[in-house]
Amino acid sequence: MDIRDVVVIGSGCAGHTAALYTARANLKPLVLEGHQPGGQLSLTTLVENFPGFPDGIQGPELIENMRKQAARFGAEYRMGHVSKANLSKRPFELSLGKETILSRTLIIASGASARWLGLPNEQALIGRGVSSCATCDGFFFSGKEITVIGGGDSAMEEATFLTRFASKVTLIHRRDEFRASKIMLDRARSNSKIAFMTDTVVDDVLDASKQEVTSLRLRNLKSGKSRDFPTSAMFLGIGHIPNAKIFEGQLDTDADGYLVTTKNVFTKVPGVFACGDVQDRRYRQAITAAGSGCMAALEVEKYLEEVGH
Ligand code: NAP
């Protein structure tokens with residue numbers, strides 16, 4: 001069976017950058033794109049903080065450019081989700097559907113996926129008014145009153161974006177302080193279509209029997225009082241969970257499931273490197289993900305030079 005020099009799991013900023021660098025080092029990387037090709041940038045709108053684009057660039061365009069750039073140097077892309085990984089022997093084994101892929105080194109750039117609230121009726125209403133992707137689903141709520149949950153940059157970005165469609169956006173946050181950056185918070189605060197509701201949690205989303213969102217059951221944490229708040233949609237902007245489940249028991253993770261790395265991108269298994277949001281709980285930016293993808297690629301080159309191809 002063919003043994004690859006390097007396989008990259010994931011096709012966000014980190015994965016494409018790792019692919020670009022390993023392709024230019026003539027290692028013919030295979031990139032396994034995962035469930036959500038392009039990662040989080042493919043679900044976002046205008047990116048204003050990736051250097052090199054003075055007027056900003058749309059997230060999907062930025063990620064597509066990265067993919068094209070890596071492909072130009074010979075990176076090979078394959079759709080599909082890795083269901084199993086065996087890191088206990090070399091070459092490493094990855095299961096992609098019924099296929100087994102063997103590789104001397106591995107770059108894990110599997111990113112992070114949207115976090116859900118875990119409400120009793122949440123799953124039943126996903127795609128019916130419950131969403132974690134404003135750019136995907138915002139259009140369906142033109143002229144409606146909707147809600148966004150969260151107090152970070154994602155929630156601010158979603159709320160601001162959704163005012164393009166909705167008649168009113170209520171941003172609901174569990175505290176009265178926000179972890180969003182000042183510029184994003186100020187932008188949301190100055191938008192007359194956005195109302196802020198703080199110290200409030202969502203206990204459930206209704207009405208699953210009608211197969212649409214009609215209201216949220218809210219609880220004010222200060223007064224303890226509950227009430228039903230009419231709304232047509234609930235968009236979640238409450239952070240992400242690292243996609244590292246298939247490595248459980250083989251690689252170290254922290255309490256929240258992020259892969260633990262040393263010297264930026266080294267896992268405890270020689271030849272296996274991790275980069276981007278799956279291992280970075282601190283910065284989580286497109287540019288830092290790209291940077292760590294580069295580091296992982298350079299370490300793969302060094303590792304292969306040391307152990308031989
Ligand atoms: P985040 O910064 O971790 O914020 C998550 C928010 O959701 C927090 O306000 C948190 O509340 C709240 N939350 C978490 N779990 C909750 C729960 N179970 N119930 C209710 N609320 C909950 O995540 P993020 O906003 O996705 O941002 C992640 C990273 O991406 C950040 O570094 C951010 O700067 C970056 N980002 C940047 C941009 C941009 O610059 N354009 C856009 C989006 C994201 P607490 O505050 O109470 O913990």
Side-chain angles (χ1 to χ4, degrees), residues 12-14 36 38-63 111-123 130-136 138 147-162 169-189 191 194 196-205 216-222 229 234-243 254-258 276-292:
C13 266
Q36 189 192 304
Q40 290 176 49
L41 272 190
S42 66
L43 301 178
T44 191
T45 50
L46 190 64
V47 178
E48 292 179 314
N49 54 7
F50 200 93
F53 302 93
D55 301 320
I57 181 169
Q58 292 293 321
E61 189 186 348
L62 176 59
I63 203 75
S113 299
R115 185 191 297 278
W116 301 96
L117 283 168
L119 309 172
N121 286 302
E122 189 176 41
Q123 293 295 314
V130 172
S131 172
S132 64
C133 178
T135 50
C136 317
T147 50
V148 170
I149 317 299
D153 282 338
S154 294
M156 300 308 144
E157 186 175 69
E158 287 198 1
T160 305
F161 174 75
L162 286 166
V169 177
T170 303
L171 188 131
I172 301 173
H173 180 39
R174 62 184 176 184
R175 296 188 295 143
D176 63 358
E177 278 169 20
F178 294 89
R179 67 176 74 225
S181 55
K182 193 175 175 319
I183 186 168
M184 308 276 282
L185 181 60
D186 287 349
R187 197 174 289 165
R189 277 197 165 130
N191 188 319
I194 301 178
F196 281 70
M197 193 188 291
T198 54
D199 297 310
T200 301
V201 292
V202 185
D203 283 334
D204 206 359
V205 50
L216 302 184
R217 186 147 298 157
L218 301 181
R219 184 163 40 92
N220 185 291
L221 292 176
K222 287 205 165 138
F229 181 76
M234 174 175 80
F235 284 88
L236 296 171
I238 59 167
H240 292 83
I241 297 174
N243 297 320
D254 71 9
D256 294 321
Y258 287 88
D277 284 8
V278 71
Q279 52 83 240
D280 171 23
R281 60 174 306 140
R282 189 175 175 88
Y283 302 107
R284 296 177 295 178
Q285 303 297 305
I287 188 68
T288 51
S292 70

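The chain is numbered in sequence order, starting from 1. Every number for a ligand or one of its atoms is a count from 1 in the order of the listing. Below, all heavy atoms of this structure are taken into account, side chains as well, without hydrogens, waters or symmetry copies.
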Inset, instruction - Report the part of V202 (side chain from C-beta onward, or backbone N, CA, C, O) that has a heavy atom under 4.0 Å from ligand 1; answer both or neither where that applies. - result: neither
Legend entry - Option with minimal heavy-atom separation from atom 2 (O) of ligand 1, where the choices are R175, R115, R179: R179
Legend entry - Closest protein heavy atom (residue, atom, distance) for atom 36 (N) of ligand 1: D153 CB, 3.7 Å
Legend entry - N or O pair under 3.5 Å between I149 and ligand 1: no
Inset, instruction - Determine, considering heavy atoms only, which of M184, R282, R281 sits nearest to atom 39 (C) of ligand 1. - result: M184
Inset, instruction - Measure centre to centre between the rings of F161 and F235, then say whether the value is under 6.0 Å. - result: no
Inset, instruction - Give the C-alpha distance, both sets of side-chain angles, the deciding distance and a yes or no for side chain to side chain contact (heavy atoms under 4.5 Å, CB included) between V202 and L218. - result: CA-CA 5 Å; V202 185; L218 301 181; 3.8 Å; yes
Inset, instruction - Determine, considering heavy atoms only, which of G237, S154, G152 sits nearest to atom 24 (P) of ligand 1. - result: S154
Inset, instruction - Determine whether the side chain, the backbone, both or neither of R284 has a heavy atom under 4.0 Å from any heavy atom of ligand 1. - result: both
Inset, instruction - Between I238, V47, D280, flag the one that comes closest to atom 5 (C) of ligand 1 by a heavy atom. - result: I238
Legend entry - atom 23 (O) of ligand 1 [closest protein heavy-atom partner, distance rounded to 0.1 Å]: G239 CA, 3.7 Å
Inset, instruction - Among all protein heavy atoms, pick the one closest to atom 16 (C) of ligand 1 and tell me residue, atom and distance. - result: R174 NH1, 3.3 Å
Legend entry - Value rounded to 0.5 Å, distance of CG in L46 from CD in Q58: 5.5 Å
Legend entry - Side-chain heavy-atom pair V130, L119 within 4.5 angstrom cut-off: no
Inset, instruction - Could you find the nearest protein heavy atom to atom 32 (O) of ligand 1 and give me its residue, atom name and distance? - result: Q285 NE2, 3.1 Å
Inset, instruction - Identify whether the distance between the nearest side-chain nitrogen and carboxylate oxygen of R217 and D203 falls below 4.0 Å. - result: no
